[in-house]
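These notes concern the structure reproduced below.
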Amino acid sequence: MTIRVQEQPFDLGEEANAFADAQDDAGAVVTFTGIVRDLPGGAGLDRMVIEHYPGMTEKALGQIAADARTRWELADVLIIHRYGEMRAGERIMMVAAAARHRKNAFDAAEFLMDYLKSRAPFWKKEHTTDGGDWVAARDEDEDALKRW
Amino acid sequence: MTIRVQEQPFDLGEEANAFADAQDDAGAVVTFTGIVRDLPGGAGLDRMVIEHYPGMTEKALGQIAADARTRWELADVLIIHRYGEMRAGERIMMVAAAARHRKNAFDAAEFLMDYLKSRAPFWKKEHTTDGGDWVAARDEDEDALKRW
Amino acid sequence: MDVLYFAWVRERIGLPREQVETQARTVNDLVAELRAREERYAAAFADLSALRVAVDQELADFDAPLDGAREVAFFPPMTGG
Amino acid sequence: MDVLYFAWVRERIGLPREQVETQARTVNDLVAELRAREERYAAAFADLSALRVAVDQELADFDAPLDGAREVAFFPPMTGG
């Protein structure tokens, strides 16, 4: 199990390969990657800045990963989440789950994402040339937790 | 949309990076990778051989990908599936789905896998020093289609 | 008509494809003709619930008509992924 | 007790963390004390439904007790991922 909270970019491909290579009994690996999207309507995102709560972030992610491992038979779990400044197209974060059976890997990765979205202390601010706006939490993200 | 049926190995990391890089409006990328697993109990897999039905395979995968794009709002879909000989630890296949919203990307990737498992003409044979066994289809895999 | 066999069906019959002259109107008719040929065919087609069929590269039922079909394939349930 | 603010709560109050001397027994008591300080605090804590709180780095309710707590953090709903 690996959890990394970091400012510097990460290489999705390298991480996915390293994670898959480390498995010797898991036939199924699911990854999710979050990418900085440009703003709709061409408003022009200059940069996204992610703030987090050092200390609590690591604890919250560790708890979410441990919960996933309790609920499903998993061979391994990875969470990487960046903070600080990033531009459109950059990778924000990724999770990976490895299991013998694909359903467990899919469910665990989706569970990790649902909890990470609303229970890990990260806050996104989108900056354009006009100023900055904190990204609002979506009701759907809170609702997504109910099915687990 | 990309569909590749090939004998040679593919690089999961390179494929994941290229797929994610190609997205300019999708904040969510989900990948699934299938890996050759050793046999339980240390029976010792010598190699797995995958047979397929050239012509029908490409059509079936194209149809499954098209169905996914009809059901969910997706920015892109990728399917790579190998045939021929491979050893434990090698990647067999991968799918990727990109979308604005993570739920669509997750659902589409899981749908692609469920259909690919039971509706694309591939057959796996596991060879040990004692001989070869065709992998039996699992009832759960047929059942998995019912929820879509 | 081209008749194709995959996986253990191919192994049991002993060839991957053959040209078959037939007036069979449905897949079931074709299966009956093949079964009648030789023991290895009878063995391969002993339990149809263990088989799947594709007509012109599309999955089909065993009662599917064959009019105009150019290619019929028999194989066990698929195990991709 | 260390009190931390994140995202727009930090911006509205104008600082990321401060040391607060308090006898507050619950988060709600602490919020009442902070609100009474200055307009910027009153503004930040105007609508508690828009806020979340963590006590010693664990998410908590606003009626959670503070006995022994060393660190309380206020922030908007999280937007990770």
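Below, all heavy atoms of this structure are taken into account, side chains as well, without hydrogens, waters or symmetry copies. Letters go in sequence order (proteins before strands), and every chain restarts at 1.
Annotation: B:Glu73, atom CD; neighbour count of heavy atoms from other residues, nucleotides and ligands within 6.0 Å does not exceed 12. Within a 6.0 Å radius of CD in B:Gln8, other residues, nucleotides and ligands contribute more than 12 heavy atoms. For B:Glu140, the CD atom is densely surrounded, since the number of other residues' heavy atoms within 6.0 Å is greater than 12. Atom CZ of C:Arg25 sits in a sparse spot, with 12 or fewer heavy atoms from other residues, nucleotides or ligands closer than 6.0 Å. No more than 12 heavy atoms of other residues, nucleotides or ligands shown are found within 6.0 angstrom of CZ on C:Arg70.
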Please test C:Glu58 against B:Lys59 for salt bridge (charged side-chain N to carboxylate O under 4.0 Å, His left out), starting from the C-alpha separation and ending with a verdict.
-> CA-CA 8 Å; C:Glu58 299 262 0; B:Lys59 277 189 205 174; 5.8 Å; no
Assess whether side chain to side chain contact (heavy atoms under 4.5 Å, CB included) is satisfied between C:Thr79 and B:Lys117, documenting all intermediate values.
-> CA-CA 6 Å; C:Thr79 54; B:Lys117 274 269 166 192; over 6 Å; no
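Using a 4.5 Å cut-off on side-chain heavy atoms (C-beta onward), B:Ser118 and C:Met78 make no contact. Considering only heavy atoms from C-beta on, B:His52 stays 4.5 Å or farther from C:Phe6 through its side chain.
Side-chain atoms of B:His81 come within 3.5 Å of backbone N or O of C:Gly81 as a donor-acceptor pair. The backbone N or O of C:Pro76 sits less than 3.5 Å from a side-chain atom of B:Trp123, completing a donor-acceptor pair.
Put simply, CE on B:Met56 and CG on C:Asp56 are 11.0 Å apart, with the number rounded to the nearest 0.5 Å.
In this structure, chain C has a heavy atom under 4.5 Å from the side chain of B:Ile92, while its backbone stays farther away. Proximity to chain C is absent for every atom of B:Ala60, based on heavy atoms less than 4.5 angstrom apart. With a 4.5 Å cut-off on non-hydrogen atoms, B:Arg138 does not touch chain C at all. Contact of C:Ala54 with chain B is made through the side chain alone, with heavy-atom distances under 4.5 Å. For B:Lys124, the parts lying near chain C are the backbone and the side chain together; criterion is any non-hydrogen pair under 4.5 Å.
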Quiz: residues 43-51 of chain C side-chain donor-acceptor pairs under 3.5 angstrom, not counting sequence neighbours:
unit_1, atom_1, unit_2, atom_2, d
C:Asp47, OD1, C:Ser49, N, 3.0
C:Asp47, OD1, C:Ser49, OG, 2.7
C:Asp47, OD2, C:Ser49, OG, 3.3

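Minimum interatomic distance between C:Arg10 and B:Glu51 (heavy atoms only, all atoms of both residues): NH2-OE1, 2.5 Å. Of all non-hydrogen atoms in C:Ala73 and B:Tyr53, the two that sit nearest each other are CB-CE1, 3.3 Å.
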